[in-house]
Amino acid sequence: MSLSPENVKQVAHLARLELPAEKIGPYAQQLSNILDLVGQLSGADTAGVEPMAHPLDMQQRLRPDAVTEPDRREAFQAIAPEVDNGLYLVPKVIE
Amino acid sequence: MHTLSIKEMSEGLRAKKFSSRELTAHYLARIERHDGTLNSYITVTAERALKHAEAADARLARGDAHALTGIPLAQKDIFCTLGVKTSCASKMLDSFIAPYDATIVQKLHHDAGMVMLGKCNMDEFAMGSSNETSFYGPVKNPWDTTRVPGGSSGGSVAAVAAGLAPAATASDTGGSIRQPAALCGLTGIKPTYGRVSRYGMIAFASSLDQAGVVARSAEDAAHVLQAMSGFDPLDSTSIERPVDDLVAGLGASIKGLKIGLPKEYFAEGLAASSREKIDAAIGTLQSLGAEIVEISLPNSPLSVPTYYVVAPAEASSNLARFDGVRYGHRAEGVKTLEELYKRSRGEGFGAEVQRRIMIGTYVLSHGYYDAYYLQAQKVRKLIYEDFKRAFERVDLVLGPTATDVAFGLGSKTDDPVAMYLNDIYTIAANLAGIPAMSLNCGFVEGLPVGLQLMGNYFSEAKLLNVAHQFQQATDFHKQMPKAYV
Amino acid sequence: MAYDSSTWEVVIGLEVHCQLLTQSKIFSGAATAYGAAPNTQADPVTLGLPGVLPVLNRKVLEYAVKFGLAVDAKIAPRCVFARKHYFYPDLPKGYQISQYELPIVFEGHLDIEVDGANGSKTVKRIGITRAHMEEDAGKSLHEGYVGQSGIDLNRAGTPLIEIVSEPDIRSAAEAVAYLKKLHQLVVYLGICDGNMQEGSFRCDANVSVRKRGETKFGTRTETKNVNSFRYVEKAIEYEIERQIDVIESGGKIVQETRLFNPDTGETRSMRSKEDANDYRYFPDPDLLPVVVTNEDVERIRATMPELPEAKRARFVEQYKLPAYDAGVLTGEQALADYYEAVVATSKADAKTCANWVITDLLGALNKLGKGIEDSPVTAPMLSGLVVRIADKTISGKIAKDVFEAMLAGEATGDDAADQIIKAKGLVQITDESAIVAAIDDIMAKNPQQVTDYRAGKDKLFGFFVGQAMKATQGKANPEALNRLLKEKLAG
C-alpha cells in the first residue's frame with residue numbers, strides 16, 4: 001500500500017496538521033513504508049476470530065450520579081491561550 | 001548515598017543516619033553536576049523537593065511515615081503534576097502547568113511521601129524508542145554518551161543509571177519501560193494492564209499504556225511499584241483487586257519454576273553477543289532450580305504490524321484534544337478556526353508524532369477500518385491466545401528485551417520502520433496486557449544487555465521474585481557507568 | 001402541503017437528542033445545571049485535559065434502559081461506547097463519546113395518531129431504529145466579539161440519549177405527531193425535563209423526496225437542531241419544497257447537513273460540517289463494554305411509571321371518561337395526577353371533575369400562561385369546590401364565581417371554596433318556602449306577564465327564572481326553582 005502526496009494532504013487535513021510543502025514527499029515515502037509493514041496483517045488468517053479491543057475481559061464500572069467537582073475555572077483558565085469573561089476565545093466559528 | 005538500595009535508604013532515614021533533606025540535596029547536586037551532558041530531566045523541581053524533603057523529615061520524626069517517605073523519586077514527564085510543567089516532551093505542552101495530580105503522583109508523593117526531584121525527559125508523547133523525538137533534545141546513555149538510552153522512558157532510565165535518582169516512574173505502551181531499562185542496565189517493570197491507574201498519565205494508546213517503574217534492582221522496583229499500584233475509581237480500566245505484597249514475595253525459592261523460551265524470540269535478528277549473555281542468564285536460573293521449556297508464540301512476528309495499527313489509531317484520537325483552545329501551544333496570528341487547528345498542531349507536534357497521527361487517522365478512515373483496525377484487533381486476539389496457551393504450560397516466558405545493545409545517536413532517526421523494529425520483543429506483552437520486565441544480564445563491550453521476563457496476568461510478585469533471585473546470584477545490577485560512580 | 005402529493009412522496013427520519021435529567025455529567029462529577037456562569041461546570045474531564053479518563057454515570061444507563069422499555073425495544077446485554085471524531089471548538093477532546101455499532105437500545109417503536117380518510121384518526125407505527133447514550137457538546141457564542149467566538153463548555157459532557165427513528169414518517173405533520181409523542185414519553189418517564197427552549201429536547205430531521213412508485217430512497221439532507229415543534233414542521237416543509245424544486249429544475253440533491261433559520265423559515269448548508277462524513281469511529285479504549293443483565297432490566301422495569309397510553313386506557317375504563325377527555329387529562333403526568341387527586345378527594349362524579357379540570361381549569365391556566373404545576377387553584381381547592389356542588393351547597397353557576405375567586409387568590413388553602421362561599425354568603429337556597437315566597441312576589445309584581453304566559457307565551461318562563469334568580473341573588477336551587485315556578489304559573 002503506498003500513499004501519494006495527495007493522500008498525505010488529505011489525511012493531514014483530516015487530522016488538522018499543517019505540513020510544509022517540502023515535507024509532504026518524505027512523509028508520503030515514510031508513511032508508505034509503515035503501511036507496508038502493517039500490510040503483513042492482511043496475510044493473517046483471522047476467520048472466526050473475535051476482535052480484541054481490550055487486554056482484559058472486564059465490564060464497565062458505574063459511578064453514582066453525584067456532583068463531586070467544584071468550580072475551578074480560574075485555575076483551568078490560567079493555562080488557556082486566550083480567555084475573556086470566562087469564555088475560551090477562538091477565531092469566529094462559522095456554522 | 002546514591003548507591004544505597006531503597007530499603008537501605010528507608011532504614012538510614014529511620015536510623016537518622018541522614019535526613020531526607022540531605023538525601024534529596026545529594027541527588028539535586030548530582031543532577032546539577034551531571035545532567036548537562038545527559039539531559040535526563042526536563043524540569044528539576046529543586047526548591048519544591050527540598051521543602052517536601054523537610055516535610056518528610058517531619059513525618060518521619062512524627063512516626064507516621066510510610067516505608068518510602070523521604071526517598072527521592074523522578075517522574076517521567078508524562079504524569080500530570082499539579083503546579084509543575086508537564087510537557088510530555090512536546091512543544092505542544094511546553095507551557096502546560098498541570099492543574100491536577102495524576103493518581104500515581106498522589107499515591108507516591110502525597111500518600112507514601114516520596115520526594116519528587118523533577119520530571120524526566122522522554123520521547124515526545126512517548127512515541128519513540130531512542131528518546132530522540134523529545135522537543136527538549138535527546139537523552140544520552142550514561143554507559144556511552146554517543147549512544148541512545150532507549151525510549152520512550154529514556155530520561156527516567158538515564159537518570160537512575162547515572163545515580164541522578166534512586167528510581168523513576170515510567171510508562172510502557174510497546175516497550176517504553178523495558179527497552180530503555182535494557183539499554184541502560186536497569187530493572188524495569190510494566191505491570192498487568194489495569195494494575196496501575198492511568199488517570200493523569202497523558203494518553204498515547206489507551207488500551208496499551210501502562211505505568212511502571214525503573215530502578216536499580218528488582219527489590220527497589222518492588223517497593224515503588226507496591227506504592228503506585230491499586231484500584232482507582234477515576235480509571236474505568238483500573239482493576240478492583242487487592243495488590244499482592246510484592247516486597248514480601250521476594251525471597252521465595254524458584255526451584256521447579258517452569259520458564260518457557262519462545263523459539264521466535266531466539267530466531268534471526270537477535271545479536272549473537274546479546275544471545276550469549278541471555279543463554280548464560282538462563283544457565284544461572286537453571287542453577288537456581290528453574291526448569292527450561294521450549295515453547296512457541298507463533299503469532300509474535302505479527303506483533304509489530306498489529307501494534308503499528310492499534311497504537312497510532314488510538315494515538316490519533318487521543319491527541320485530537322491538542323487544538324490550541326484550552327491549553328497548550330497556539331499558533332500566533334491565526335485568522336480562521338481551521339488555521340488555528342492546523343498551524344497549532346503543525347507547529348506543536350514533532351515529526352514522529354505527526355507520522356503516527358497520520359497513520360492512525362488513515363487506518364481509522366472510512367474504507368480502511370476493517371482492513372487495518374479490525375484486522376489488527378483480531379490478530380491481537382491471536383497474540384493473546386498464544387500467551388494463554390503458553391501459560392498453561394509454563395510459569396514465565398523468558399527472552400531478550402532488545403535485539404542488541406544501545407545503538408548510536410542519530411543512527412536510526414531517518415528510518416521509522418527500522419526504529420519500530422526495536423520493539424519487536426516487547427510489544428506482545430502490551431497487546432496481551434500481561435506484566436513484563438527487563439533486567440540486566442550482562443555487558444557486551446561495556447554496554448548492558450537486557451533479559452525480559454513475561455508472566456501471566458497479576459504475576460508481578462512472581463516476576464519480581466525471579467528477577468530478585470537472579471540478582472542475589474549475580475551483580476550485574478550493581479554496576480554503574482564509571483563516570484557516574 | 002403545497003407540493004403535489006400524488007406525484008411526490010416524502011420520506012422522513014428523525015434523530016432526537018434528549019438531555020437526561022441527571023445531577024452530574026455522563027462521565028464526570030461536574031454539575032449539569034442549566035444557566036450557570038460560563039465554564040464553571042467544566043471540570044478536567046469536561047475540558048479534556050491531558051490524562052483524564054471517563055467513568056460512566058449509573059443513572060445515564062438506567063435512564064437509557066427505561067426509555068428502551070417504554071418504546072418496547074430490545075436492550076443490548078452488552079453495548080459499547082465509541083469515539084466519533086471531528087474538530088470543533090465546542091468539542092473539547094476532538095471526539096464525542098457516543099455509541100456506534102452496539103447501542104444500548106434497538107428495535108423499538110412508537111405509535112402515533114395520524115389523519116385518516118374523512119377526518120378520522122388512524123394509528124401509525126413509527127419504528128425506532130436505536131437509541132444510544134452519548135455526551136453533549138458545549139456552546140459557541142458569537143455575539144459580543146469581533147471576528148471571534150467564545151466557547152462555553154458547561155453543557156459539554158451533559159448526558160444525552162439520541163433516539164433515531166426509521167424513515168417511516170411521510171409528512172411534516174406526522175413528524176410533529178411523533179415528536180410530541182416522544183416528548184410526552186420522556187417527560188413522563190422523568191428522564192428529561194423536555195425544555196425545548198433550553199435545548200433539553202432537540203431534533204435533527206433527515207428528509208428526502210422521491211417520485212411515487214420509486215422503491216429507492218432519494219438523497220437525504222439532515223437539518224440540524226430545530227428546537228420547537230413549529231420549527232420542525234416549517235423546516236421540513238421548506239426542505240420538501242426545496243428538494244422538489246431542485247429535482248424538478250433538473251438538479252440533484254446533495255447529501256449534506258443544513259441549518260434551519262427560524263427568522264426566514266429557510267434552511268441552508270452548514271459549512272462547518274463539510275468534511276464531517278469521516279468520523280473515524282472506533283471503540284473507546286478508555287471505556288469498557290457496558291453489561292446489562294436481565295436482573296438489571298427487571299429492576300429498572302419495576303421503577304417504570306404508568307405510561308401515557310396505559311394511563312389513558314385506564315382513565316376510560318376506571319372513570320368512564322370519553323377518549324378525548326382521557327387523552328387531554330393524561331397529556332401530562334402532573335395533569336393526570338391533579339385530576340386523580342380531585343376525583344379521589346371529592347368522591348364526586350368523575351365526568352364532572354373532568355369537565356372542571358378540562359374546561360375551567362385548563363382554560364384559565366391557558367389564559368394565565370401557566371402550567372398545571374403553577375396553578376393557583378390546587379387539586380384540594382378544586383376538590384373542595386366540587387364537593388360543595390355535589391352536596392348542593394352551591395349551584396353550578398355560583399361555583400363558577402367561587403372558582404374565579406379562587407383563581408384570583410381571594411382565598412387559599414384546601415378549604416378555599418368554603419371560605420369564599422361563607423364570606424360571600426353564596427350558600428344555595430334549598431328552603432322551598434323561601435323560593436315560593438320569592439315566586440309569589442314576582443308574580444304579584446308582573447300580572448301582565450303571568451297572563452301572557454298562561455295564554456301560551458311559553459318563552460316568558462325564562463323571564464320568571466331570571467327574575468327569581470335576581471331576587472335570590474342566584475342562590476336559589478335551580479332544580480327546585482324550575483319545579484316550583486312551573487307549579488305556580490300553571491295556577
Side-chain angles (χ1 to χ4, degrees), chain A residues 1 3-4 6-19 31 34-35 38 41 46 49-95, chain C residues 22-25 27-33 36-47 49 55-61 78 80-81 85 87-90 94 140-142 144-153 224 259 270-273 275 278 280 282-283 285 287-291:
Chain A
M1 187 73 204
L3 282 187
S4 67
E6 204 43 50
N7 296 146
V8 171
K9 282 189 209 165
Q10 286 162 0
V11 173
H13 171 70
L14 207 50
R16 296 295 186 277
L17 291 172
E18 184 178 79
L19 306 181
L31 298 183
I34 297 168
L35 287 178
V38 304
L41 291 176
T46 53
V49 178
E50 273 293 299
M52 175 169 158
H54 262 282
L56 295 172
D57 187 22
M58 299 197 305
Q59 66 186 64
Q60 180 60 37
R61 199 160 16 84
L62 303 170
R63 44 167 271 270
D65 177 30
V67 176
T68 53
E69 294 294 317
D71 167 23
R72 291 182 56 207
R73 183 175 80 179
E74 209 177 316
F76 297 143
Q77 296 200 335
I79 52 170
E82 198 178 355
V83 288
D84 182 54
N85 275 320
L87 295 166
Y88 294 95
L89 294 189
V90 296
K92 192 154 202 77
V93 174
I94 298 160
E95 283 181 332
Chain C
T22 56
Q23 298 297 310
S24 64
K25 292 191 176 175
F27 298 121
S28 76
T32 54
N39 291 308
T40 53
Q41 291 172 177
D43 67 315
V45 171
T46 301
L47 290 169
L49 289 183
V55 184
L56 181 61
N57 183 334
R58 174 184 299 278
K59 207 147 227 176
V60 173
L61 179 62
R78 182 177 172 280
V80 168
F81 281 100
H85 299 85
F87 285 93
Y88 210 62
D90 65 14
S140 304
L141 307 164
H142 312 300
Y145 298 100
V146 179
Q148 286 190 304
S149 296
I151 307 297
D152 175 8
L153 297 171
K224 283 261 173 218
L259 195 66
M270 275 179 91
R271 283 180 51 192
S272 58
K273 301 278 171 181
D275 61 359
D278 198 340
R280 289 161 283 138
F282 80 107
L287 290 158
L288 298 164
V290 178
V291 172

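A, B, ... follow the sequence lines: proteins, then strands. Residue 1 opens every chain.
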- Query: Among A:E69, A:Q60, A:R63, who wins on heavy-atom pairs under 4.5 Å with chain C?
  - Reply: A:R63
- Item | For chain A, the option from C:G150, C:P38, C:P289 that forms the most heavy-atom pairs under 4.5 Å | C:P38
- Item | C:T32 versus chain A, the contacting section by heavy-atom distance below 4.5 Å | neither
- Using non-hydrogen atoms and a 4.5 Å limit, figure out which bit of C:R78 sits close to chain A: side chain, backbone, both or neither. neither
- Query: Can any side-chain N or O of A:D84 pair as donor or acceptor with the backbone N or O of A:L87 at less than 3.5 Å?
  - Reply: no
- Message: So for C:A42, is it side chain, backbone, both, or neither that comes closer than 4.5 Å to the heavy atoms of chain A?
- Response: backbone
- Task: Classify the angle between the aromatic ring planes of C:H85 and C:F282 as parallel (below 30°), tilted (30 to 60°) or perpendicular (above 60°).
- Result: parallel
- Task: Just jot down the ring-ring contact (aromatic ring centres under 6.0 Å, His included) partners of A:Y88, sequence neighbours excluded, or say none.
- Result: none
- For C:A33, the side-chain contact (heavy atoms from CB on, under 4.5 Å) test, sequence neighbours excluded, returns C:Q41
- Most chain A-contacting option - heavy-atom pairs closer than 4.5 Å, from C:V290, C:L47, C:L259: C:L47
- Tell me, do C:F27 and C:L56 make a side-chain contact under 4.5 Å, heavy atoms counted? yes
- Query: Can you find a pair of side-chain heavy atoms, one from A:Q59 and one from C:L288, that are under 4.5 Å apart?
  - Reply: no
- Not counting sequence neighbours, which residues clear side-chain hydrogen bond (donor to acceptor under 3.5 Å, both in side chains) with A:D65? List them please. C:S24, C:N57
- Query: Within the side chain of C:S140, is there an N or O that forms a donor-acceptor pair under 3.5 Å with the backbone of A:V93?
  - Reply: no
- Query: Is a side-chain N or O of C:D152 found less than 3.5 angstrom from the main chain of A:G86, in a donor-acceptor match?
  - Reply: no
- Query: Which residues, numbered in order, of residues 73-80 of chain A come under 4.5 angstrom of chain C by heavy-atom distance?
  - Reply: A:R73, A:F76, A:Q77
